[in-house]
Structures are given as structure tokens and as C-alpha cells.
Amino acid sequence: MRLLRHLTGRHRTTVTNRTLGLLLAFNAGAINAGGFLVVHMYTSHMTGFLSLVADNLVLGNMTLVLSAIGTLWAFMSGAGSTAILVNWARHQHLRSGFALPLLLEAVLMLLFGLMGAITLGWRTPFAVPLTVLLLAYIMGLQNAVVTKMSSAQIRTTHMTGIVTDLGIEMGKALYWNRSGTPRESQVHANKARLRMFASLLGMFTAGGVVGAAGFKYVGFIWVVPLASILLALSLPPLAADRHRLAQLWRARRAPAPAEDAPARR
């Protein structure tokens with residue numbers, strides 16, 4: 001319980017950031033790959049959706065332009081929701097700032113698992129089913145959580161930056177430092193970063209395999225175990241804040257004080 005509380009708590013360390021990042025990379029890989037089998041889109045891949053907007057503006061296919069804009073909007077809305085929740089918790093001196101968006105993500109994933117087949121038929125103003133917008137919103141939520149907790153050093157929902165950083169460190173590791181080169185001028189790989197990027201890539205890939213297999217052979221309900229992991233991560237810090245949250249709830253529900261009646265003349 002204490003370990004889980006530290007993983008999503010307010011005070012961050014390199015170890016907790018890396019551990020949570022690995023767990024969330026697995027989750028993102030599972031949702032991204034599994035979601036592709038359902039909606040035929042990688043809903044964490046915003047670069048692709050921006051390219052979709054550009055291509056179809058030229059081709060005149062406004063339906064695809066609208067669908068890409070809707071998905072981008074949903075992803076950004078998820079990231080914005082995380083920013084609101086984390087900053088609100090910080091101003092209220094809560095320890096569960098990073099747990100709140102993860103709890104919201106877990107709840108939405110449970111809804112997706114239970115109602116995903118139904119929402120595939122729900123149309124939206126953006127020419128894509130509600131399921132697509134929901135998955136993009138979830139990915140935006142999660143990516144912003146990891147970005148804020150690690151000061152933008154870790155990403156979990158897309159691997160372009162991770163693969164780039166991994167390639168840089170590999171190139172530094174293979175660099176030939178000529179004999180006689182001063183030590184301060186030598187090129188050396190950062191082994192800790194190399195291990196972290198390789199681990200994130202591995203966990204995302206493993207999550208993708210598990211997610212794709214689960215959606216193929218089990219169906220939408222496969223996200224329930226994934227949502228349970230997020231619940232396990234988010235509930236301990238919220239439990240630690242339960243008294244403070246109860247105080248905030250009571251203060252919000254309390255009636256506003258009546259203004260003083262004007263004095264009689």
C-alpha cells in the first residue's frame with residue numbers, strides 16, 4: 001500500500017517516476033494496439049492525425065479532416081483535464097494530484113470495457129464514433145500525467161521521442177573515442193537513460209501484444225484488468241487524502257452565509 005501511495009503521490013523521485021512510467025507505458029501500448037482492432041486508428045498518434053488534416057484538406061475530403069480535428073481536440077482535452085486536476089489538487093494541498101487523473105482514466109476505461117460495443121454506433125459532430133474520442137481523451141489524460149510528474153522527461157503513449165532518444169544514446173555508446181582524447185571531450189552514453197528508454201519501449205511493445213491479443217480473443221471486457229491496475233495505483237493516495245477531501249466536499253455543500261440585513265432606521 002505504501003509503495004502504491006508513493007508511485008502516484010505528490011513527492012516524486014527518479015525511481016517512482018520510472019516505475020510508474022513503465023506501468024503506464026504497458027497500459028498505453030495495450031489500449032493503443034487493442035483500440036486499433038476496434039476503431040482501426042492508433043488514437044495516441046497525434047502526428048498522424050495532423051498529417052491526416054493536411055492531406056485531406058488538399059484532397060478535399062472534409063469528413064476525414066473533421067474526424068482528425070475531433071480526435072486532436074479529444075486528446076488535448078484529456079491533457080487539459082489532467083492539468084486542471086493536478087493544479088487544483090496542488091492548490092488544495094492534496095497528496096493525490098497525480099492519482100486524480102489516473103482515477104478518471106480508470107473509470108473511463110471501465111466504461112469503455114462495458115459499453116465500448118455500444119458507443120461504436122454513437123455518432124458525434126466530428127464524423128467519428130464516440131469510442132474514438134473516448135480513447136483519444138484517455139490517451140491525452142495519461143500522457144499529461146506522466147509529462148507533468150517527470151517534468152517532460154518521460155512519455156508513455158507514443159514512442160517516437162523514446163525511439164529517438166534511445167537511438168541517440170546507442171550512437172553515443174558506439175562512438176569511437178580516439179586514444180589521447182581528453183576525458184572531458186570524450187563521448188559516453190548515459191547508461192541510466194539508455195536502460196530507461198529501452199525499458200519504456202519494451203513495456204509499450206509488451207502491452208501492445210497483450211492488448212491486441214486480449215481484444216482479439218476476449219473483447220472489450222479485456223480492459224477491465226487494465227483499469228484495475230490504474231485503480232490500484234490511484235486509490236491509495238486518495239485514501240490518504242480522504243479527510244481533506246471530505247472537508248472540501250462539506251465546504252462546497254455548505255450554504256453561503258447570508259448577507260447582513262440592513263439596519264432599521
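Keep in mind that this is a model prediction, so the values were computed, not measured. In this chain, numbering begins with 1 at the start of the sequence shown.
Using a 4.5 Å cut-off on side-chain heavy atoms (C-beta onward), Leu72 and Val53 make contact. Using a 4.5 Å cut-off on side-chain heavy atoms (C-beta onward), Thr43 and Phe75 make no contact. Side-chain contact check for Leu100 versus Trp88: some heavy-atom pair is nearer than 4.5 Å. The shortest distance between side-chain heavy atoms of Met203 and Asn27 does not fall below 4.5 Å. Taking 4.5 Å as the limit, every side-chain heavy atom of Asn143 sits out of range of all side-chain heavy atoms of Ser44. For the pair Lys172 and Ile168, the minimum side-chain heavy-atom distance is below 4.5 Å. Using a 4.5 Å cut-off on side-chain heavy atoms (C-beta onward), Val86 and Met149 make no contact. At least one side-chain heavy atom of Tyr137 sits less than 4.5 Å from a side-chain heavy atom of Ser81.
Atom CH2 in Trp222 sits 11.5 Å away from atom CD1 in Ile31 (nearest 0.5 Å). To the nearest 0.5 angstrom, Ser234 atom OG is 12.0 Å from Ile229 atom CD1. Distance check, rounded to the nearest 0.5 Å: NZ of Lys148 to CG of Asn87 gives 5.0 Å. Between atom CE of residue Met159 and atom CZ of residue Phe197 there is a gap of 10.5 Å, rounded to the nearest 0.5 Å. In this structure, the separation between CG on Leu231 and CG on Leu238 is 10.0 Å, given to the nearest 0.5 Å. With values rounded to the nearest 0.5 angstrom, Thr160 atom OG1 is found 6.5 Å from His45 atom NE2.
A donor-acceptor pair shorter than 3.5 Å cannot be found between the side chains of Asp241 and Gln92.
Linking Ile, Leu, Val, Met, Phe, Trp and Tyr whenever their side-chain heavy atoms come within less than 4.5 Å leaves Leu200 and Val209 in two separate clusters. A chain of hydrophobic side-chain contacts below 4.5 Å, direct or via other Ile, Leu, Val, Met, Phe, Trp or Tyr residues, connects Leu235 to Val224.
Residues Phe112 and Leu134 share a closest heavy-atom pair of CB-CD2, 3.8 Å. Closest non-hydrogen pair, Ala89 versus Gly97, comes out as CB-CA, 3.4 Å. In terms of heavy-atom proximity, Leu133 sits nearest to Gly70 at CD2-O, 3.4 Å.
For Thr82 (side chain) and Leu141 (main-chain N/O), a donor-acceptor pair under 3.5 Å exists by modelled atom type. A donor-acceptor pair is defined here as one N or O able to donate and one able to accept, closer than 3.5 Å; such a pair exists between the side chain of Glu169 and the backbone of Asn190. A donor-acceptor pair under 3.5 Å links the side-chain atoms of Asn56 to the main chain of Leu52, judged by distance alone.
Environment of NZ in Lys216: sparse, with no more than 12 heavy atoms of neighbouring residues, nucleotides or ligands closer than 6.0 Å. Around atom OH of Tyr42, no more than 12 heavy atoms belonging to other residues, nucleotides or ligands sit under 6.0 Å away.
No option in Leu104, Leu23, Leu24, Leu103 other than Leu24 meets the side chain to side chain contact (heavy atoms under 4.5 Å, CB included) test with Leu230.
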